[in-house]
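First the structure, in the form of structure tokens, and then the observations on it.
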Amino acid sequence: MSLLLDTAPATLETVQSTIGFGSDNVYTDILIVVLIVVMLALLASALMVNRAMKSIIKITMPELFKEEQQKKLAKKGWPRRFWNKVMGIRPISEEKDIVIDHEYDGISELDNPIPIWFNFLFYGTVFFAVVYLFIYQLSGIGMNQDQEYLHEMKIAEKERQAYLLASASNVDENTVEFQPEMAGDGKAIFAANCVACHGTNGEGGIGPNLTDKFWLHGGEIKDIFKTIKYGVPDKGMVPWEQTLSPAQIAQVASYIVTLRDTHPANPKEPQGDEVTYGDHKDQEHTAEERTDKKAEQ
């Protein structure tokens, strides 16, 4: 018996915890449900009262009801009114208010105002013209036509140099061409790598003279490029293809072409076969003409 009395409270607590009776969470949930039901009931009551009031106003005060309906219709038509105002459109019912007094042969004229969009466009162009004049002609902030031309020419020259550099990197002994604008860079490369054997001015030393008409391995630019690239190991000319890029070899070859007939002091005696060439002068002339044509364009 005492065992049953001792276990009774524990059993009651277990049942209460199982069904949730007596816990704070259950009370809170019930309270929330009651509040929701009350709010829905109040909302339904308010809607019913609102409809009843409208019915009463419609029966007892028809003029007020009609005025309210017109206000609602007016609010719904605001996009149309805005469009008509921007475009300067007046309703037909208002035409009698804008008729000009005079008429001719029974024809009357309406005093339609200038549309807002036209005024906006007109004054906008005037404002743009004033700002443009100030920026590009008075203040010096923007570039005028002459300055833009010079700026574009500088950009074009940079692009041209980049193109020449890119094309020169893909050049070989079959595609190389004489380009006098590359001779300046070729001179620096020649001074750093070639003067020990060919002299400061190409007059020759250990290597042959590069300024006369006698060549051991061909004197055209394709021959010169090939000789620099692959070298002539049997005669002490090392191959430069591992040291210089194709662009650099093309620059050196163009510089060597410009050394022809320069007659430096103390030239080395001729070696090899005499080569009849005059093409480098023609190439220089053609390159100058090409440069002049680009400048004229």
Side-chain angles (χ1 to χ4, degrees), residues 156-295:
E157 181 61 24
K158 290 181 180 179
E159 293 177 351
R160 176 174 170 273
Q161 294 297 334
Y163 170 77
L164 291 176
L165 182 61
S167 60
S169 298
N170 299 324
V171 73
D172 59 17
E173 59 272 17
N174 298 315
T175 60
V176 64
E177 294 181 358
F178 173 72
Q179 298 183 19
E181 60 270 16
M182 298 173 62
D185 295 329
K187 181 178 181 180
I189 299 172
F190 184 90
N193 300 281
C194 308
V195 295
C197 296
H198 296 282
T200 304
N201 299 312
E203 69 275 10
I206 300 174
N209 182 2
L210 303 177
T211 64
D212 57 20
K213 297 182 180 181
F214 293 86
W215 293 83
L216 294 170
H217 308 287
E220 303 301 332
I221 188 162
K222 290 180 171 59
D223 301 323
I224 299 172
F225 185 98
K226 183 178 180 181
T227 303
I228 298 172
K229 181 178 180 180
Y230 299 110
V232 187
D234 295 342
K235 297 185 178 181
M237 175 66 179
V238 299
W240 290 92
E241 61 179 338
Q242 301 299 327
T243 305
L244 302 177
S245 66
Q248 291 174 319
I249 296 176
Q251 291 169 353
V252 175
S254 292
Y255 171 69
I256 292 175
V257 170
T258 63
L259 295 178
R260 293 174 177 177
D261 300 325
T262 54
H263 305 290
N266 301 318
K268 187 177 181 180
E269 66 279 2
Q271 293 177 279
D273 300 326
E274 183 176 2
V275 176
T276 302
Y277 58 77
D279 61 321
H280 80 282
K281 296 296 182 182
D282 297 335
Q283 290 171 346
E284 287 180 357
H285 183 66
T286 304
E288 290 175 358
E289 289 181 347
R290 186 166 59 247
T291 303
D292 293 340
K293 289 181 179 179
K294 289 183 179 179

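Here the structure is a predicted model, which is why all the values come from computation and not from measurement. Note that these values count all heavy atoms, side chains included, but never hydrogens, waters or copies made by symmetry.
Nearest heavy-atom pair across E220 and T276 is OE2-O, 4.5 Å. Nearest heavy-atom pair, V171 versus A250, reported as atom, atom and distance to 0.1 Å: CG1-CB, 4.0 Å. Between G202 and L259, the shortest heavy-atom distance links the atoms CA-CD1, 4.2 Å. The heavy-atom pair separating P264 from T211 by the smallest distance is CD-OG1, 3.3 Å. Scanning all heavy atoms of the two residues, the minimum distance from I221 to S254 falls at CD1-OG, 3.8 Å.
Residues that satisfy the side-chain hydrogen bond (donor to acceptor under 3.5 Å, both in side chains) test with E157, not counting sequence neighbours, are R160, Q161. T200 pairs by the side-chain hydrogen bond (donor to acceptor under 3.5 Å, both in side chains) definition with nothing, not counting sequence neighbours.
If you take CD on Q251 and NZ on K187, they are separated by 14.5 Å, rounding to the nearest 0.5 Å. For the atom pair H263 NE2 and E203 CD, the distance stands at 14.0 Å (nearest 0.5 Å). In this structure, SG in C194 is found 9.5 Å from OH in Y255, a value given to the nearest 0.5 Å. In this structure, CG in D212 is found 9.5 Å from OG1 in T262, a value given to the nearest 0.5 Å. To the nearest 0.5 Å, atom CD1 of residue I256 and atom CZ of residue F190 are 6.0 Å apart. Here CD of E241 is found 13.5 Å from CD of Q248. Values are rounded to the nearest 0.5 Å.
H198 places no side-chain N or O within 3.5 Å of a backbone atom of G205 that could act as its donor or acceptor partner. Formation of a donor-acceptor pair under 3.5 Å by the D172 side chain with backbone atoms of T175 is found in this model.
Within 6.0 Å of CG on N266 lie no more than 12 heavy atoms contributed by other residues, nucleotides or ligands.
Taking the side chain as every heavy atom from C-beta outward, H217 and K235 approach each other to under 4.5 Å. Side-chain contact between W215 and L210 is present, with at least one heavy-atom pair separated by less than 4.5 Å.
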Distance-only donor-acceptor hits, side chain of residues 224-233, under 3.5 Å, sequence neighbours excluded:
unit_1: T227; atom_1: OG1; unit_2: D223; atom_2: O; d: 2.8
unit_1: K229; atom_1: NZ; unit_2: E173; atom_2: OE1; d: 3.4
unit_1: Y230; atom_1: OH; unit_2: E173; atom_2: OE2; d: 2.9

